[in-house]
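Given the structure is predicted, the values throughout are model-derived calculations rather than measurements. We count ligands from 1, going down the list as the structure has it; atoms in each ligand are counted the same way.
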Amino acid sequence: MSCGNHHDVPCVEVLSLMWVYIDDEIDDGHRIEVTVHLQECPPCADHFTAEQIVQARIRKCCTETQTPQELRARIVEQIQAALRSN
Ligand SMILES: [Zn+2]
Ligand SMILES: [Zn+2]
């Protein structure tokens with residue numbers, strides 16, 4: 001999970017902020033840091049895109065029930081396969 005470029009905000013920090021960013025619970029300062037990082041770091045951008053798709057699909061399929069880990073794992077697999085085939 002590294003593109004080899006230098007980043008002001010390291011990838012691990014960006015990835016640790018991923019869920020609050022996707023859930024839109026991030027503060028403005030961090031939001032800007034993450035957005036800038038994603039523009040200069042394709043591996044992190046791919047990761048975020050995949051997670052956003054997973055989140056959207058889970059919300060759509062199971063709004064009431066608790067999030068089934070199995071379903072989540074399956075969707076992640078499908079997306080990762082799709083990303084690899086690009
Ligand atoms: Zn990165
Ligand atoms: Zn990078």
Check whether any side-chain heavy atom of R72 lies under 4.5 Å from a side-chain heavy atom of V54, and answer yes or no. yes
For the Zn ion (ligand 1), find the closest N/O/S atom belonging to H37 and write down its atom name. NE2
May I ask you to check whether C44 brings an N, O or S atom to under 2.8 Å from the Zn ion (ligand 2)? no
Are any of the side-chain heavy atoms of E25 and W19 separated by less than 4.5 Å? no
C11 N/O/S atom closer than 2.8 Å to the Zn ion (ligand 1): yes
Between CE of M18 and CG of D23, what distance do you get to the nearest 0.5 Å? 10.0 Å
What is the NE2(H7)-the Zn ion (ligand 2)-SG(C41) angle, to the nearest 10 degrees? 110°
Using the side chain to side chain contact (heavy atoms under 4.5 Å, CB included) rule, pick out the option among R31, H37, H30 that qualifies with L17. H30
